[in-house]
Amino acid sequence: MERYEPKKIEPKWQKTWLDRGCFRAADRDEGNNQYVLIEFPYPSGVGLHIGHPRPYTGMDVLARARRMQGYNVLFPIGWDAFGLPAENYAIKNNIHPAEVVRQNVEHFRKQIRRLGYSFDDTREVNTTDPAYYKWTQWIFLKMFEKGLAYKANMPVNWCPSCKCVLANEEVIGGLCERCESPAERRDKSQWMLKITEYAQRLLDDLALCDFPARVAAQQKNWIGRSEGAEILFPLAGTEETLRVYTTRPDTLFGATYMVISPEHPLIDRYKGMIRNFAEADAYRKAAARKSDFERTELIKEKTGVRLDGINAVNPATGGEIPVFASDYVLMSYGTGAIMAVPGHDARDWEFARTFGLPIVEVVKGGDVTKEAFTGTETGIMVNSGFLDGLEVDDAKKKITGWLRDKSLGEPVVRFKLRDWVFARQRYWGEPIPIVHCPACGMVPLPEEELPLRLPDVRNYRPTDTGESPLAAITEWVNTTCPKCGAPAKRETDTMPQWAGSSWYFLRYTDPDNPDTLASKEALRRWMPVDWYNGGMEHTTLHLLYSRFWHKFLYDIGVVEQPEPYKKRTSHGFILGSDGTKISKTKNNGMDPDEVVRDYGADTLRLTILFIGDFEKGCQWSDKAIKGCRRFLERVWVTAHEAAERGGSLTPGVEIKLHQTIQKVTEDIEELKFNTAIAAMMSLLSAYEKGCTRGDMRVLLRLLSPFAPHICEELWAAYGEKGLCCEAGWPQYDPAKTVEDTVELAVQINGKLRGTVVVPRGCGGDEAVAAALATERIAAAADGRAPFKSFVVPDKLVNLIFKG
RNA sequence: GCGGACAUGGUGGAAUGGCAGACACGUUGGUCUUAGGAGCCAAUGGGCAACCGUCCGGGUUCGAGUCCCGGUGUCCGCACCA
């Protein structure tokens, strides 16, 4: 018997699978198609890291098992290759980003192949391929046509280090998601996508999606629907009104002042009336200088300035109240102005105390002299005129009705979700196919001119002016207007990295189609994705964006389902051996290449799934490698020994074999890979004196999705026709998963006191009698009959004795 | 502050309300060996024992790691969102 040497057998089978095209999805419709999807990687320069193999291996097990179960499986991979890292690397090393991507993809492809994944090699997509981004641009043009892509002057998040704007979703606690520099606010004319128009549908259709609760909850929070009212406050001495949004219109009588955002246009409009304009202006400028990060850092101290000379009228009380500007009110939410109810809002309460403003209690239940009372469950209105005595909920209804009757306000639904900033001032992204014509304005490129290719240039360094490097390439920028033929300029911003990933799963269904992003037949054949696994970090980014794009494509008749993903799961994050985030410097992780070299791909695959619950986070540990490698060694030896032992099953272990088939089959469907592997280990241990070739034929097929190479080798050594990965999935006989006799747990007054063996399925009385017949139980009973007994058939007897 | 998850041996982790600690690592002992950082076999939650044990305190139940209430702690997401 040869030794088990993964290095010898793994490349051989990888080549065989590839040559034979084992993993190519067939374009046919026999009702058994399955679309299994992983998030396609960004091919970074450092290659595969620990984060990749876990989700890939998990989904590979699923894909391989389903193929063996007779499904026609689409399990593709591609490259999400636009974006900053490739560009930065290119600048640093003076190589064109396209070349960087080509090299990185090559490297990734090799690494991934070494792990034995069953990706369909004929369906790779690459977001930077003009034949691909043609359709990214096409979708953009369709959105432009429908008014969902627009340009607006907006305060945006600017990363001074990346020299680029950031989407709200890319700013984490005021810091750039990528480089952790504090984001600044800048006013810029920006391309935006109107995702807010889809807010309600994105929220409602969560009901159509089989998402983990935490994913659905996070999206729901991010969309942030709230019901409230807009209320108009007349400004004393003017014709104007100040519009506010509130979720607590019931507290209107308690509004003792108003606050507007420092960026609110009212300040300039009433420049003349504001007696302390200089002070207000200074405050405004100071606020503008603060980054969002600083603003949130300074949360404890409320600052602001009173707009002297401006007073608003509380429409309920008719009383005049002062107006302040403060940076605790955001221009980007609601109307940029609030009615302040210090008695019942914690922020207003703090502000009122700082500025010595009156605090009025309008809902009973707290002590507003000590803190704001924000409870809404059982409050009764006080000091509120015609609302007095009402419950909060009723007061809300009454006051909104009253406001509407007097044209002073109306019920309104608001979302936290903002429109999507859809432009980056960088070279390495999809060019936005728009031409700026002095006469015609913004003119979309005609479809037949797509793709609009990135110009091949030397200098793609970003600029400090906030302009894309493309702006410097005059021969590209200068063009003619598609509409009137006059000289015009191209849009020079590019799309963000999220563009290409918002629809890539559609392209897999028909990756080479030159006429459309994917044919109707292909989309009908494969969509929606049956099972999409990915990271939690994409919940409010890619996952939400792609749902939005898909709904848009649904609306214009490109796809036929309102949601792209039938089922979504999320793998847990892998931490280093010290329980902290993996990092090269701490040397607490692992390099997939090294593990493959030292132990083999099969051991790596097994280890990474065995280490813990797939959907929970877990800690990497080198120690787990050993146990998995040992197991494979044992499989190797046992299989060789079994070669001469015939095809029948080992009698005493037959039941366990059937149980294992059941366990592994069911566990794979629930992503419980760790317990599936444990069950197979346990089965192998049960063959104390070795097993037969018949036993092994079953075990090899069960194990093959997890450790495909070794199984393929042993399968071939048995002289089996065909490949193990193409063999049928073992079936279990439910009748054979159970023994004839069972061991019952026997409890006395709920405490375990022994066990008794009885025939399977025996009745309650029989079980009690058998229990009482055992020595230990009989001793405890001391001749007494149990007062009461509980029997769980084939499981347990609980005997209750009095006293 | 809001939303979500979690807490089990020396370690990673198992347990549809029904024998807690499967499986693995580690450790200890044995065996084989010139050798063992290889393999194989055995033991391994605590306690001499009766018994006691799933973060703490209550509760529901014949029975709770699991369900409910109240704490404590850890992690994740969002956050002056009106």
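Naming: A, B, ... by sequence-line order, numbering from 1 per chain.
In the interface, the side chain of E350(A) is not paired with the base of C80(B) through any donor and acceptor atom under 3.5 Å apart. A donor and an acceptor atom sit less than 3.5 Å apart, one in the side chain of K302(A) and one in the base of C80(B). Side-chain atoms of Q747(A) and base atoms of G18(B) include a donor and an acceptor less than 3.5 Å apart.
For the pair R414(A) and Y245(A), the distance from NZ or CZ to the six-membered ring centre is under 6.0 Å and the angle to the ring normal is within 45 degrees.
R248(A) has no carboxylate O lying under 4.0 Å from a charged side-chain N of D345(A), or vice versa, which leaves the two without a salt bridge.
Panel note: side chain R753(A), backbone Q747(A); no donor-acceptor pair is recorded below 3.5 Å.
Helical stems in RNA chain B, defined as runs of 3 or more consecutive Watson-Crick or G-U wobble pairs with both donor-acceptor distances under 3.5 Å, are listed by first residue as B:1-7 with B:72-78, B:10-12 with B:23-25, B:26-31 with B:39-44, B:55-59 with B:67-71.
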Along nucleotides 36-54 of chain B, 5' to 3', which nucleotides get a B, which get an S, and which get a -, given that the test is a protein heavy-atom distance under 4.0 Å?
-> ---SS--------------
Under 4.0 Å protein heavy-atom contacts per nucleotide of nucleotides 4-13 of chain B, with B for base, S for backbone only and - for none | S-------SS
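Across all strands, N798(A) comes closer than 4.0 Å to base atoms (heavy-atom distances). Here E537(A) lies out of heavy-atom contact (under 4.0 Å) with every strand.
Rounded to an integer number of Å, the gap from L544(A) CG to G77(B) P is 17 Å.
For the pair T303(A) and T354(A), the minimum side-chain heavy-atom distance is 4.5 Å or more. In this structure, the side chains of F351(A) and Y257(A) come closer than 4.5 Å at one or more pairs of heavy atoms.
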